[in-house]
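See below for the structure under consideration.
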Amino acid sequence: MKCALVTGGSRGIGKAICLKLASENAYHILINYQSNKEAALQTLAEIEALGATAEILKFDVADHEAVNKVLHTWKENNPQAVVEVIVNNAGITRDGLFMWMQPEDWKSVIDITLNGFYNVTNFFIQEMLRSKYGRIINMVSVSGVKGTPGQTNYSAAKGALVAATKALAQEVAKRKITVNAVAPGFIRTDMTADLDEKELIKMIPANRFGEAEEVANLVAFLASDKAGYITGETININGGIYS
Ligand SMILES: NC(=O)c1ccc[n+]([C@@H]2O[C@H](COP(=O)([O-])OP(=O)(O)OC[C@H]3O[C@@H](n4cnc5c(N)ncnc54)[C@H](OP(=O)(O)O)[C@@H]3O)[C@@H](O)[C@H]2O)c1
C-alpha cells in the first residue's frame, strides 16, 4: 500500500491536498489532525466518496514523543505500507507586533512549523532512503520568503523551513527523493477568514485570494513522478505578489 501523509490534513489547504493526492495521485491518504476530529472525519468521508482510501491519525506535530508513538503504532499495524509522500502542511499563526510578542506566541509557531517538519520527516527518512524514492513537500508562505510585518514569528518559522528544504534536498537527491517548498500568498481558508479581503486584494495583482484547490494542484504535481528533477525549490503561488 502506497501512502501519502498530510499533516493538518483535516481542513483548508491540507484537506484540498488530501483529496487531490487521493484522486489524482492514487495514494492511500493518512490524514493527520490535532483536535478537530469532526473535520478529519469529513475529509475521510469525502475521499472515500471519490472511491479512494484514507485513514485519520491524530497527533500534535510539535510533540516529538506523540508523533513517534502514533507513527510507530501505525507502522506496526501496517507493515506492508510505504509512505512515499510527506506533506508538512500543519501550521498556525499567532500574529502581533514583535515588541509585544509573548514567548508562547514565538514558541508555538516555531514548534509546529519547524519542529513539526523535523518530527514527522525524520521518522520516515531512513525508510525513504532505503526504498530510494520519496517526495517531501513543505508548506511555507510568502511571509517566509519576503517577511511580513506583524508576523516575525511566522516569517522566521517559514523562512527556516525554506532553508531546511534546500539543505535536505541536497542530502537525499541521489536516492530519488525530492524536497520542495510551496509558498502560498493569501488563500481562502479558516486561517484567513478574519482578514480584510477587500483591503488586502489591492496588493495582489490577480485581484483575489487564492483557493486551497489551486495550492493542491501544485502539490499534486510536485508529488508526482513528473516532478522528479525539481528539488530544493520554493515555488510561490500568490497571484503575482512580488517576493
Ligand atoms: N491560508 C493561507 O492564506 C496560507 C498562506 C500561506 C501559507 N499557509 C500555510 O498553509 C498551511 C495550511 O494553512 P490553512 O490556511 O489550511 O490553515 P487552517 O485552515 O487553519 O488549517 C490548519 C490545519 O493544520 C492542523 N494543525 C494545526 N496545528 C496542528 C498541530 N500542532 N498538529 C497537527 N495538525 C495541526 C489543523 O488541524 P485541526 O483541524 O485538528 O485543528 C488543520 O487541519 C499552514 O502551514 C499555513 O501556514 C496558509
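Heavy-atom basis, side chains included; hydrogens, waters and symmetry copies ignored. Indexing begins at 1, ligand by ligand and atom by atom, following the structure's order. Counting begins at 1 with the first residue of the sequence. Note that this is a predicted model, so its numbers are computed, not measured.
Looking at T192, its side chain never comes within 3.5 Å of a backbone N or O of F186 through a donor-acceptor pair. Formation of a donor-acceptor pair under 3.5 Å by the D63 side chain with backbone atoms of E65 is found in this model. A distance-only check finds no donor-acceptor pair linking the side chain of T121 to the backbone of Y118 [under 3.5 Å]. A donor-acceptor pair under 3.5 Å is absent between the side-chain atoms of N89 and the main chain of M139, judged by distance alone.
Looking at N238 and I204, their side chains never come closer than 4.5 Å, going by heavy atoms from C-beta outward.
Residue V142 places no heavy atom under 4.0 Å from ligand 1. Heavy-atom separations between T7 and ligand 1 are all 4.0 Å or longer. Residue contacts with ligand 1: S35 is included, with a non-hydrogen atom under 4.0 Å away. For the ligand labelled ligand 1, residue Y154 lies inside the 4.0 Å heavy-atom shell.
Residue M139 approaches ligand 1 through these ligand atoms, each under 4.0 Å from one of its heavy atoms: 9 (C), 10 (O), 11 (C). Contact atoms of ligand 1 toward I112: 31 (N) (distance under 4.0 Å to a heavy atom of the residue). Atoms of ligand 1 found under 4.0 Å from any heavy atom of N36 (numbered from 1 in listed order, with element): 38 (P), 39 (O), 40 (O). Those atoms of ligand 1 with a heavy atom of N89 less than 4.0 angstrom away are 10 (O), 11 (C), 12 (C), 44 (C), 45 (O).
For atom 43 (O) of ligand 1, the closest non-hydrogen atom on the protein side is S10 OG, 2.6 Å. Counting only heavy atoms of the protein, atom 32 (N) of ligand 1 lies nearest to V61 N, 3.0 Å. Scanning all protein heavy atoms for the shortest distance to atom 35 (C) of ligand 1 gives A90 CB, 3.6 Å. Protein heavy atom nearest atom 18 (P) of ligand 1, with residue, atom name and distance: R11 NH1, 4.0 Å. Looking from atom 29 (C) of ligand 1 to the surrounding protein, the closest heavy atom is Q34 OE1, 3.5 Å.
For N32, every heavy-atom contact with ligand 1 shorter than 4.0 Å involves the side chain, none the backbone. The residue R188 has no part lying near ligand 1, judged by heavy-atom distances below 4.0 Å. With a 4.0 Å cut-off on non-hydrogen atoms, I13 touches ligand 1 through its backbone as well as its side chain. Contacts with ligand 1 closer than 4.0 Å are made by side-chain heavy atoms of T192 only, the backbone lying farther away. When heavy-atom distances to ligand 1 are checked against a 4.0 Å cut-off, T189 comes that close only through its side chain, counted from C-beta outward.
A donor and an acceptor atom, one from each side chain of T231 and T178, are nowhere located under 3.5 Å apart. Between the side chains of Q42 and E46, a donor-acceptor pair is found at a separation under 3.5 Å. For the 3.5 Å distance criterion, the side chains of D105 and Y154 fail to qualify, holding no donor opposite an acceptor. For N217 and K20, the side-chain atoms include at least one donor-acceptor pair closer than 3.5 Å.
Taking each of A212, G185, S141 in turn, the one with a heavy atom nearest to atom 5 (C) of ligand 1 proves to be G185. With distances taken over non-hydrogen atoms, the option nearest atom 22 (C) of ligand 1 out of A62, G14, G91 is G91.
For ligand 1, the polar-atom distance check finds no N/O of F186 at less than 3.5 Å from any of the ligand's N/O atoms. The shortest N/O to N/O separation between G8 and ligand 1 falls below 3.5 Å.
Under a 4.0 Å N-O distance rule, the pair E197/R188 qualifies as a salt bridge. Between E127 and K75 there is a salt bridge, since a side-chain N of the basic residue sits under 4.0 Å from a carboxylate O of the acidic one.
For E211 against R208, the heavy-atom pair with the smallest separation is N-NH1, 4.3 Å.
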